[in-house]
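The basis for the numbers below is simple: all heavy atoms, side chains too, and nothing from hydrogens, waters or symmetry mates. Note that ligands are numbered from 1 as they come in the structure, with each ligand's atoms numbered from 1 the same way.
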Amino acid sequence: MYVSTRGGEAISASQAILRGISENGGLYVPVSLPVWSREQILALAEIPYADRAAKVLADVLDDFDEEELLGYTRKAYASFSHPAVAPMRPLKGNIEVLELFHGPTLAFKDMALQMLPYLLTASARKQGETREIAILTATSGDTGKAALEGFKDVNGTSCTVFYPLGGVSHVQERQMLTSEGANVHVIGVTGNFDDAQTGVKQLFTSPEFIAQMNAKGRTLSSANSINLGRLAPQVAYYMSAAAEMMKKGVERFNVCVPTGNFGNILAAWYARKMGAPIEKLVCASNCNDVLTEFILTGRYNAARQFHLTISPSMDILVSSNLERLLFELCGCDPVKLSGMMKQLKEEKEYTMDADMLSVLQQTFIGYSADDTATKATIRAAYDSDAYVMDTHTAVAMYAVGQYRAQTGDDLPMLLVSTASPFKFAPAVTDALGLEAKENAFDSVRQLAAFGSLQIPASLGKLETAPTLHTLTCDRGAMGEAVMKAYEA
Ligand SMILES: *Cc1c(COP(=O)(O)O)cnc(C)c1O
């Protein structure tokens, strides 16, 4: 069963997935999680990824069984270009890179968003929902394309993505604007990601907007990581990685995650609760370092300068999923949690009490990397291991160095790699000291030649694909823009 962080009745997984966010603005969290034995986790290492994911999900999502889920995971992960789906690559210094970017849109979002359409349409069936499910999503760059790809031409659904104009990489923007599918829409918003995300959250709680959509036979849901259907598949890859680590004889390890909306690292925390032998969770941020400060001091301060960086998918000041962690840290007290969230909304900041902070710090530690440090790290990883990593992964790699230097803790480290370096080729080639190109696709070719890497097939087609979406809107007019997109 699942409850909203801001209070209310417990509901089933399919209800939580269908609703996306609760009516009181809270996020759905599991009332309890199963705890797996060492043997149970280790056994995952012997079966294919789709089977691993089905086993984990069956234990997390109460009204889905393993056989049903296996039908979905086999289809969802068949679109990945690597047979292991989420392979691990060792680097010097006892680091294992968990590569989560082998899906169709080249970022880790595919791990969840290739699954979400199956979970969502199945949830609709289970709940007797016959209206069209209208997905609304804000993106810092990668969620958008992954959602469009996952939902395109899925019967009974439609998908609208908002992205911050000027706030995503050229490749990310091309990926979205060339999206095919009769049921998908892309809208550029004048504002940053937080504006787009806040706007979407407001639409979900706006009675007028909901009524307008309902009148057209549509019900709303979200593909953002606030949706339980996004979070659950992410827990699976941490259990899978834990199995691989244990199979190599590693009994305890740390995890470092490049973090924005706090969804990925939260999944690691859930896996830890389920028995994965994870010690510390290192939260890596770019110079939008709200989380670094928060983990160090307990003060969440979103009232600060927003920076555009070379790791744009982490350019976020309000990390939605943190609410789920805070809920547990305050003893699952919806009243206390609601108070903190209200304060954040009104004053752009809140401070947690010392008890909560000390529990947080037992597991989490945060570091941040500016663009200069990020580039130097890309270069260093190439020099040391001939490994080309993307800018987001490099932020985490930098944090690993900081963490180890500061604490002396040299436990094996699972470094979570969230995007293909090709997705951010101009920044990566710059970091590697290659000549700057005007066209991002020239940088892609340059990177392939330099690293003797193969250009992912989905990128090859992008350069010449026609632009299919041109709508833009002001951040205050997102509801009107949605209605316009459906009429077009
Ligand atoms: C979304 C994203 C992140 C941040 O993940 P969260 O779950 O939002 O913390 C990091 N790196 C890349 C490449 C992403 O697309």
Hey, would you say the [X] and [Y] ring centroids sit under 6.0 Å apart?
X    : Y    : answer
Y28  : Y2   : no
F294 : F262 : no
Y382 : F450 : yes
F108 : H392 : no

Please list the nearest protein heavy atom to atom 9 (O) of ligand 1 with its residue and the distance rounded to 0.1 Å.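 Going atom by atom, the protein heavy atom closest to atom 9 (O) of ligand 1 ends up being G260 N, 2.8 Å.
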Among all protein heavy atoms, pick the one closest to atom 8 (O) of ligand 1 and tell me residue, atom and distance.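 Protein heavy atom at minimum distance: N261 N, 2.7 Å.
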Can a donor-acceptor pair be found, under 3.5 Å and without considering hydrogens, that links the side chain of T374 to the backbone of D370?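 The answer is yes, because a donor-acceptor pair under 3.5 Å joins these two groups.
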Is the backbone of V257 close enough, under 3.5 Å, to the side chain of T259 for a donor and an acceptor to pair up by distance?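 Flag set: sc T259 to bb V257 pair under 3.5 Å.
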Relative to ligand 1, is M314 under 4.0 angstrom through side chain, backbone, both or neither, heavy atoms considered?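 Near ligand 1, M314 shows its side chain, while the N, CA, C and O stay back.
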What part of F101 sits under 4.0 Å from ligand 1 if we count only heavy atoms: the side chain, the backbone, both or neither?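 The answer is neither.
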Please report whether ligand 1 has a polar contact with [X], defined as an N or O pair separated by less than 3.5 Å (distance criterion only).
X    : result
K109 : yes
H392 : no
F262 : yes
T259 : no
T418 : yes

Candidate with minimal heavy-atom separation from atom 7 (O) of ligand 1, of L322, N264, L231: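 Minimum heavy-atom distance to atom 7 (O) of ligand 1 goes to N264.
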Mark up the atoms of ligand 1 that fall under 4.0 Å of a heavy atom belonging to [X], in ascending order.
X    : result
D142 : 12 (C), 13 (C), 14 (C), 15 (O)
G263 : 6 (P), 7 (O), 9 (O)
A419 : 13 (C)
F108 : 1 (C), 2 (C), 3 (C), 5 (O), 7 (O), 14 (C)

Counting heavy atoms not belonging to Q361, are there more than 12 under 6.0 Å from its CD?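 Yes, because the 6.0 Å sphere around CD of Q361 holds more than 12 heavy atoms from other groups.
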To the nearest 0.5 angstrom, please state how far the CG atom of L414 sits from the CG atom of L98.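 Taking CG in L414 and CG in L98, the distance rounds to 5.0 Å.
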Begin from the C-alpha positions of F193 and F162 and carry the test ring pair (Phe, Tyr, Trp, His ring centres under 6.0 Å) through to its verdict. CA-CA 9 Å; F193 170 70; F162 290 98; over 10 Å; no
If we only consider heavy atoms of P258, is any one of them less than 4.0 Å away from an atom in ligand 1?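 The answer is yes, since P258 has a heavy atom less than 4.0 Å from ligand 1.
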Intermediate values then yes/no, side-chain hydrogen bond (donor to acceptor under 3.5 Å, both in side chains), E323 and T5: CA-CA 7 Å; E323 176 165 345; T5 49; 2.7 Å; yes
